[in-house]
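See below for the structure under consideration.
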There are 2 protein chains.
Amino acid sequence: MRLTTTSYAILGLLTVKEWTTYELAQQMEKSIGTYWPRAKSKIYEEPKKLVSQNLARARREKAGARARTVYSVTPKGRRAFQTWLQEPGAPPQLEFEALIKVFFAEQGMKEDLLATLERVDAWVQMRRRLGAEIARYLLSDRAEFPQRLHIIALTSRWQLEFTRAVEHWARWARDEVERWKTMDDPSVADTRHLEAQAKAVLGGEHGDGRESSERVGKASLDQHNPKKGS
Amino acid sequence: MRLTTTSYAILGLLTVKEWTTYELAQQMEKSIGTYWPRAKSKIYEEPKKLVSQNLARARREKAGARARTVYSVTPKGRRAFQTWLQEPGAPPQLEFEALIKVFFAEQGMKEDLLATLERVDAWVQMRRRLGAEIARYLLSDRAEFPQRLHIIALTSRWQLEFTRAVEHWARWARDEVERWKTMDDPSVADTRHLEAQAKAVLGGEHGDGRESSERVGKASLDQHNPKKGS
DNA sequence: TTCCTTATACTCCCAATGGGAGTAATTTGT
DNA sequence: ACAAATTACTCCCATTGGGAGTATAAGGAA
């Protein structure tokens, strides 16, 4: 039974403290879920894998008539986790359904497109409110892991950065689309960002004689994914 | 056989022009793949579903001794797609393995964390080069769909926005971590963004008497996902 | 005190998906 | 003339998603 990224995420939680499976599922949804979403049923399976490889230990507790299992990391598990921290991970991968609707928006009406963008913005506002609540909690004296605040600040900063990017894009797109008279006039396009990107020459590119744009027509936009193991 | 978001993505491509399955798989990877990544084998199955529901038609062509299937949209398919454009879609969902490594970085060494951030930055630079090539291609006279430029400008702007957000975060995080002497001193944390978020009062929140931060401790960070159908 | 709701603590299962392996003809480059 | 890359798919298994189901415990309202 091979370990997946999800296994290591659970193992990571166990390096912080011991948890019941229920708590692990909760934590996975609450904190890690925004950048590593996984089904609850799978999270219940993971700690068993860890135990079978001696990376964690299960302790059976009884709370009244009902039993619960508490998992804790073993020294071997801690070492395995440290090794994993050194390995390169998969690049970010995004699923963003609204962008498909945007990409084919000329099939629908301007109001449909604006409604799609409006919904994206509404999602952003919801996330921002949540972010504000979490920030207040993290800075309060009720925060559970004050010794981890500097680390948590790193990941929560990403959440903010991401939310801002979505908001910035959605609002720019809305303003852009509002200027359109029809859905199929490409001459009104705001292509300033494309021009800026086209002009930019970034380091690391090893020329092959041809204009780099000649290669794109047929080139795969592959992201050299290290694949497998999620 | 119910239609998934992937089905509609394929259907969307068919509203632009007819394609062979191979070309559809290519396009899905190249253009839509950055915000809706799906396995090639599944993309080969999708057009068959569309045909079975009369949303598309298959035409068999022979190129020498080898046959190929060309798919085109039907009027019913076009209508179905327009209806889909009006429906709300799933909110953005991200998988970002490096963030798990960051979130548990105090288990490893400072160099491990910096290496993780460096790899994220390297990925960003790769994407930026690709973005530049694509921009040059889109503005060139070899671009395949000039009549769609204004639409494509919207989605490619998102790519830029996202890449920038990752870059901005990775560099901020690197600078932040470089200041750390040990991995377990939370007092060095840069929490300015948390403070700013905590102070922010956003519209739409309906107070319930309590301080909003009191609700977070146990609250689920749910994103009200409309689930199902990808 | 009783009842109702919510939280805790899981298991089971099927449909959907990922992703690689495999086959073969055709085109392009050396 | 030959090799490599591209076109054009099919097949299949392991993994995952996600909902349904079961049951006890704790907290709050009537």
Side-chain angles (χ1 to χ4, degrees), chain A residues 1-7 9-10 18-30 33 36-49 51 58-71 90 93 95 208-210 215 217-220 222-230, chain B residues 1-7 9-10 18-30 33 36-49 58-71 90 93 95 215 217-220 222-230:
Chain A
M1 247 191 315
R2 56 180 305 286
L3 297 179
T4 64
T5 298
T6 310
S7 316
I10 300 283
E18 50 174 48
W19 308 82
T20 68
T21 335
Y22 183 79
E23 289 170 324
L24 284 171
Q26 247 193 180
Q27 282 301 312
M28 278 300 283
E29 195 183 1
K30 275 212 318 189
W36 199 258
R38 283 301 178 267
K40 203 204 292 172
S41 60
K42 294 302 130 186
I43 289 161
Y44 271 86
E45 289 166 15
E46 288 298 344
K48 295 176 185 174
K49 278 199 220 172
V51 169
R59 181 163 38 86
R60 204 72 182 160
E61 276 186 1
K62 52 246 150 280
R66 184 172 45 170
R68 61 183 201 162
T69 317
V70 181
Y71 291 93
Q93 186 168 311
E95 281 189 12
D208 62 355
R210 292 180 296 160
R215 260 171 285 128
K218 292 277 167 177
S220 128
D222 225 352
Q223 315 185 21
H224 73 62
N225 269 356
K227 307 282 174 190
K228 268 224 147 167
S230 59
Chain B
M1 245 188 318
R2 56 181 302 286
L3 297 179
T4 62
T5 298
T6 310
S7 316
I10 300 283
E18 48 174 48
W19 308 81
T20 68
T21 335
Y22 183 80
E23 289 169 325
L24 284 170
Q26 246 193 178
Q27 282 301 313
M28 278 300 283
E29 195 183 1
K30 276 213 318 191
W36 199 259
R38 282 302 177 268
K40 203 204 291 172
S41 60
K42 295 301 131 190
I43 289 162
Y44 271 88
E45 288 166 16
E46 289 298 345
K48 294 175 186 174
K49 276 198 221 171
R59 179 162 39 85
R60 203 74 179 157
E61 276 186 2
K62 52 243 151 281
R66 183 174 46 171
R68 60 185 202 161
T69 318
V70 181
Y71 290 93
Q93 186 167 312
E95 281 189 13
R215 262 172 283 127
K218 293 277 168 177
S220 130
D222 226 351
Q223 315 186 18
H224 72 63
N225 270 355
K227 307 282 175 190
K228 264 219 154 169
S230 57

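Note that this is a predicted model, so its numbers are computed, not measured. In what follows, every heavy atom counts, from backbone to side chain, and hydrogens, waters and symmetry copies are set aside.
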Item checked: Closest-nucleotide 5' rank along DNA chain D - winner of Pro37(A) and Glu45(B) -> Glu45(B)
Next item on the list: Check whether any side-chain nitrogen or oxygen of Thr20(B) sits under 4.0 Å from OP1 or OP2 of dA8(D), and answer yes or no.
Entry: yes
Notebook entry, point to check: Within the structure, does a side-chain N or O atom of Arg38(A) lie under 4.0 Å from either OP1 or OP2 of dG17(D)?
Noted result: yes
Note to self: Measuring to OP1 and OP2 of dC10(C), would you say a side-chain N or O of Thr21(A) lies under 4.0 angstrom away?
What the structure shows: yes
Next item on the list: Report the residues that fulfil side-chain hydrogen bond (donor to acceptor under 3.5 Å, both in side chains) with Thr20(B), sequence neighbours left out, ordered by chain and then residue number.
Entry: Glu23(B)
Checklist line | Within 6.0 Å of NZ in Lys40(A), more than 12 heavy atoms from elsewhere | finding: no
Note to self: How many whole angstroms separate atom CD of Glu18(A) from atom P of dA9(C)?
What the structure shows: 13 Å
N/O contacts under 3.5 Å, protein versus nucleotides 21-23 of chain D?
none

Check: Looking across every strand, which nucleic acid part, if any, lies under 4.0 Å from Ala25(A) by heavy atom: base, sugar-phosphate, or nothing?
Finding: nothing
Notebook entry, point to check: In whole Å, what is the span from the OH atom of Tyr22(A) to the P atom of dT6(C)?
Noted result: 13 Å
Notebook entry, point to check: For DNA chain C, whose closest nucleotide is more 5', that of Tyr44(A) or that of Lys42(B)?
Noted result: Tyr44(A)
Note to self: Please confirm whether the shortest side-chain N or O distance from Thr69(A) to OP1 or OP2 of dC10(C) is below 4.0 Å.
What the structure shows: yes
Item checked: Whole-Å distance separating the CZ atom of Arg2(B) from the P atom of dC14(C) -> 19 Å
Notebook entry, point to check: Is there a side-chain contact between Met28(B) and Thr6(B) (heavy atoms, below 4.5 Å)?
Noted result: yes
Next item on the list: List for me each residue that meets salt bridge (charged side-chain N to carboxylate O under 4.0 Å, His left out) alongside Arg68(B), sequence neighbours excluded, and say none if there are none.
Entry: Glu61(B)
Notebook entry, point to check: So among Lys48(A), Glu46(A), Arg59(A), Glu18(A), which one has a side-chain contact (heavy atoms from CB on, under 4.5 Å) with Tyr71(A)?
Noted result: Lys48(A)
Next item on the list: Answer with base, sugar-phosphate or nothing: what part of the nucleic acid does Lys48(B) contact at a heavy-atom distance below 4.0 Å?
Entry: sugar-phosphate
Note to self: For a quick check of understanding: with a heavy-atom distance under 4.0 Å over all strands, which category does Pro47(B) fall into, base, sugar-phosphate or nothing?
What the structure shows: nothing
Checklist line | side-chain N/O Arg60(B) vs dA8(D) OP1/OP2, d < 4.0 Å | finding: no
